[in-house]
Amino acid sequence: MNDNIESAILRKAVGYDVQEVVEEYSGENELLKRKVSNKHIPPDMTAIKTVLELKGQENDLAKMSDEELEQLKTKLLRQLKDLTKGGSNESNNSNKQD
């Protein structure tokens, strides 16, 4: 699979921060207000399942209870956090661990 796609799926699986900029202009294109805020995008369960499928662990997901899925999600999030330690830089995603 394309490295960019894998990085995007992994990023969505662990959650990420974005900077949101809202600018308000007058009728004469003068900047009146500029608001910059940081926003956290939480982990996405579909992306987590996709990461598991990519790792070859998809065989029993349909049979798992909600509690088991939540435990697996927590475990996977911990593993992904370890993989991406060192900032929000996606360059660490090339490290594959089984």
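If you read the sequence from its start, that first residue is 1, and numbering goes on from there. Reckoned from all heavy atoms, side chains included, excluding hydrogens, waters and symmetry mates. Keep in mind that this is a model prediction, so the values were computed, not measured.
- Grouping Ile, Leu, Val, Met, Phe, Trp and Tyr residues whose side-chain heavy atoms lie under 4.5 Å apart, directly or via other members, places Val21 in a hydrophobic cluster with Val36.
- Summarising the local packing, CD of Glu23 is surrounded by more than 12 heavy atoms from other residues, nucleotides or ligands at distances under 6.0 Å.
- Separation of atoms CD (Gln71) and CG (Asp66) is listed at 11.5 Å; rounding is to 0.5 Å.
- Between the NZ atom of Lys49 and the CG atom of Leu76 there is a distance of 12.5 Å, given to the nearest 0.5 Å.
- How far OG1 of Thr46 is from CD1 of Ile9: 11.0 Å, rounded to the nearest 0.5 Å.
- Atoms CG and NZ, from Asp44 and Lys73 in turn, are 9.0 Å apart once rounded to the nearest 0.5 Å.
- The side-chain hydrogen bond (donor to acceptor under 3.5 Å, both in side chains) test applied to Glu30 returns no partner, not counting sequence neighbours.
- Side-chain contact between Leu32 and Ser26 is present, with at least one heavy-atom pair separated by less than 4.5 Å.
- Residues Ala13 and Pro43 come closest through the heavy atom pair O-CB, 3.1 Å.
- To the nearest 0.5 angstrom, Gln19 atom CD is 13.0 Å from Lys39 atom NZ.
- A 4.5 Å side-chain heavy-atom check between Tyr16 and Val14 finds every atom pair outside the cut-off.
- For the atom pair Thr50 OG1 and Leu10 CG, the distance stands at 11.5 Å (nearest 0.5 Å).
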Original post:
Should Val18 and Asn38 be marked as a side chain to side chain contact (heavy atoms under 4.5 Å, CB included) after you check the CA-CA gap, both sets of side-chain angles, and the distance that decides it?
Top reply: CA-CA 6 Å; Val18 294; Asn38 293 319; over 6 Å; no

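- Under the 4.5 Å side-chain criterion, counting only non-hydrogen atoms from C-beta, Met45 is in contact with Glu70.
- For Asp17 against His40, the heavy-atom pair with the smallest separation is OD1-ND1, 2.8 Å.
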